[in-house]
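Data first, discussion second: the structure below is written as structure tokens.
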Amino acid sequence: MRITSRTERHPTLPGTGREATAHRDAATSASLTRTVVMGTLGSLMLLFGSLGVGWLASVSSLRRIPLIMWMRFETVGVVVSVVVLALGAMLLVRQWLRLGQKLRPWGPESARWVLIAIAAWAAPMLVSIPLFSRDVYSYIGQGRVMANGLNPYESGVSTIDNFFQLGADQLWAESPPPYGPVFLWLEQLVVLVTGADPDASVLLFRAMCVVSVIACMWVIPRLARLHGVNPRRALWLSVANPLFLTNFVVAAHNDAIMLALALIGTYVAAVHRNWKGGLAGTTLVTLSVAIKPITLIFLPFVGLLWAGRGASWPRRFAIWALTLAYSVALLALMGFVNGFGFGWVSAVSTPGTVYIWYAPIGLLGLFAQLVGSSWGFNGSAWMDAVHTAGTVLSAAVVVVLMFVGRDAKLFRRLAWALAAFVLLAPIIQAWYVVWLIPLFAISGIRDDWQVDVLFFVTAFFMVYAVADQLDVFPYLDLNLFAARVISALVALTYGIYLWLLDPATRRVARPPRGERATSPVL
């Protein structure tokens, strides 16, 4: 007769329970490790694809590396680069989704995994050739203009010899930069340090962006806690998001610096709702404005934080006036120091007919142009009228949100105010969307249609980016249009699979009950 052990007769004894828990924890850890590794593989594929179709200056010494020469100047190499790039981008999107699914219900231990994922996925991007945008090369050109003692708001990058060889888009040849004085100084500093070497300059601009990403990693969980939102989930929604990493690390957009300063400034104003916090917050947001002026939208909401809870309307107006005066004084001081005054105002307010097809106002403006031209009118004027109407409407939304809404919802109101300027603009770039994600994440994105929207937006802009921004040698059997079609088809097919067929991610596979924010404690 077989003798049954005591543990076998009582499988729920503490010892056995601990073993089951340990086994379950090990399985969870292995599953999360697999997700992080697969996401890192996607990031490595982005790195590999960037060697063939990433933006590389004509004078870059990297062009003489045999592997890069094959990937750039042979048709097969370009096709391989495009396919690997598209697959890597969408694989990263999938693993970002899987990470969020596996970390529910977002206990304290999930913070470690989100940080590990961000570090692992960002690491290959640090040395990637720029993808999805070539604006970083325009930064070099504008830095050269500054280093030569010229006014970049009056002199385009083409005023300096060899500008096109250093990677800048011809669109910047005579265009003034829409950046404030602080970023002009940073551009000049990079050029002075690197001697305008394009590869070294890209790495230095990227280093600034990485520091800014780290700053966002610090402030976003703290802002989430102020709203009673799970800080680990907010960090996953925002910084771990592939759109965030690709635009702020791979593309090295200066928006990373702008956003970090604006978020830290509003956090300081929210934590210290007094004169000290108000001045410090306004200073940081003004520095953000001096990178890119769009964050002027933050100032009235910083003023409301400064005014305090339940402030009277006379006090609010007084603080608004003080906030604006202090910010304008700081910007005037910077303009006096660099000698350019408020030249950036004319640079960002110059009207134009630039639009993009998926922006609602851009599409409506195009329709107005076609209708106006077909009726014998000035179609371009009709398009400009639609674009102007979008700007006026977005400004009206900001004004309404300044006056209407509860104090505890200030950050949500700020999110919608910024969203109005993004969604009602004739052109919406992927990095514009990245401005919005942290603000909505810290004030609560539910596990229902809201996270579905974020998934769709992330996937859409990843598909668009891998197809739109490719550097393809013009003398190949494969032209740029064909390369874009291949990339779009591969990425779109993968995206449709994720949404409709993948058993793990279709419709985001959300749980029955979503997370809701508790009452904010601002």
Side-chain angles (χ1 to χ4, degrees), residues 40-92 121-141 143 163-170 172 190 194 196-210 213 242-256 430-431 462 464-474 476 478 480 483-484 486-487 490-491:
T40 306
L41 175 61
S43 190
L44 286 168
M45 292 169 73
L46 289 180
L47 167 59
F48 184 77
S50 77
L51 302 180
V53 292
W55 293 105
L56 197 58
S58 300
V59 297
S60 171
S61 59
L62 295 176
R63 287 182 177 271
R64 295 192 289 272
I65 297 175
L67 175 62
I68 293 180
M69 290 177 64
W70 176 78
M71 294 178 69
R72 285 184 170 268
F73 305 128
E74 296 291 338
T75 300
V76 174
V78 173
V79 172
V80 169
S81 301
V82 166
V83 172
V84 170
L85 175 67
L87 290 174
M90 299 311 293
L91 178 61
L92 191 57
W121 298 346
M125 300 179 186
L126 299 176
V127 292
S128 295
I129 293 173
L131 288 165
F132 311 138
S133 172
R134 61 193 297 187
D135 283 1
V136 66
Y137 292 108
S138 72
Y139 303 162
I140 300 171
F163 85 95
F164 191 64
Q165 294 274 323
L166 294 179
D169 193 320
Q170 293 231 20
W172 288 103
V190 168
T194 65
D197 177 82
D199 300 325
S201 297
V202 167
L203 291 176
L204 191 49
F205 278 119
R206 186 172 282 157
M208 294 180 185
C209 291
V210 169
V213 169
L243 277 186
F244 196 101
L245 293 176
T246 53
N247 282 284
F248 287 175
V249 180
V250 177
H253 273 295
N254 60 357
D255 303 68
W431 50 97
M462 288 297 283
Y464 187 83
V466 299
D468 179 58
Q469 293 286 337
L470 299 174
D471 183 13
V472 176
F473 188 57
L476 298 174
L478 180 81
L480 176 59
R484 287 175 170 173
I486 293 171
S487 183
V490 172

Residues which pass side-chain contact (heavy atoms from CB on, under 4.5 Å) with Asp468, listed by chain and number, not counting sequence neighbours: Tyr464, Arg484
So CG of Leu46 and CG of Leu87: to nearest 0.5 Å the spacing works out to 10.5 Å
Is the closest side-chain heavy-atom distance between Leu51 and Ile65 below 4.5 Å? no
About how many Å separate CG of Leu41 and CZ of Phe48, when rounded to the nearest 0.5 Å? 12.0 Å
Would you say the side-chain atoms of Ser128 pair up with the backbone N or O of Val250, donor to acceptor, closer than 3.5 Å? no
Side chain proximity check, Phe248 to Asp255, heavy atoms < 4.5 angstrom: yes
List the atom of Ala122, the atom of Leu245, and the distance in Å for their closest heavy-atom pair. CB-CD2, 4.3 Å
How long is the straight-line distance from CE of Met69 back to CZ of Phe473, given to the nearest 0.5 Å? 10.5 Å
What pairs meet the side chain to side chain donor-acceptor pair (under 3.5 Å) rule with one or both residues in residues 41-60, with sequence neighbours excluded? Trp55-Gln469, Ser60-Asp199
Backbone N/O of Leu126 and side chain of Arg206: donor-acceptor pair under 3.5 Å: yes
Minimum heavy-atom separation for Asn247 and Leu243, please, with both atom names. ND2-O, 2.8 Å
Ile129 CD1 to Arg134 CZ distance, which is reported to the nearest 0.5 Å: 13.5 Å
If I compare all heavy atoms of Ser487 with all of Val466, which pair ends up nearest, and what's the gap? OG-O, 2.8 Å
Please, which pairs that meet salt bridge (charged side-chain N to carboxylate O under 4.0 Å, His left out) have at least one residue in residues 71-82, sequence neighbours excluded? Arg72-Asp471
Mind listing the closest non-hydrogen atom pair of Ala57 and Arg63 along with its distance? O-NE, 2.9 Å
Considering only heavy atoms from C-beta outward, does the side chain of Met125 approach that of Thr246 to under 4.5 Å? yes
For the atom pair OG1 (Thr75) and CG (Leu478), what is the distance rounded to the nearest 0.5 Å? 6.0 Å
Does any N or O in the side chain of Ser81 come within less than 3.5 Å of the main-chain N or O of Gly77, such that one atom is a donor and the other an acceptor? yes
Tightest non-hydrogen contact, residues Ala196 and Ile140, listed as O-CG2, 4.2 Å
Nearest non-hydrogen partners of Tyr137 and Ala168, listed with the distance: CB-N, 3.6 Å
Give a yes or no on whether the backbone of Asn254 and the side-chain of Tyr139 come within a donor-acceptor separation of less than 3.5 Å. yes
Nearest-0.5 Å distance, CG of residue Asp197 to CG of residue Leu204: 11.0 Å
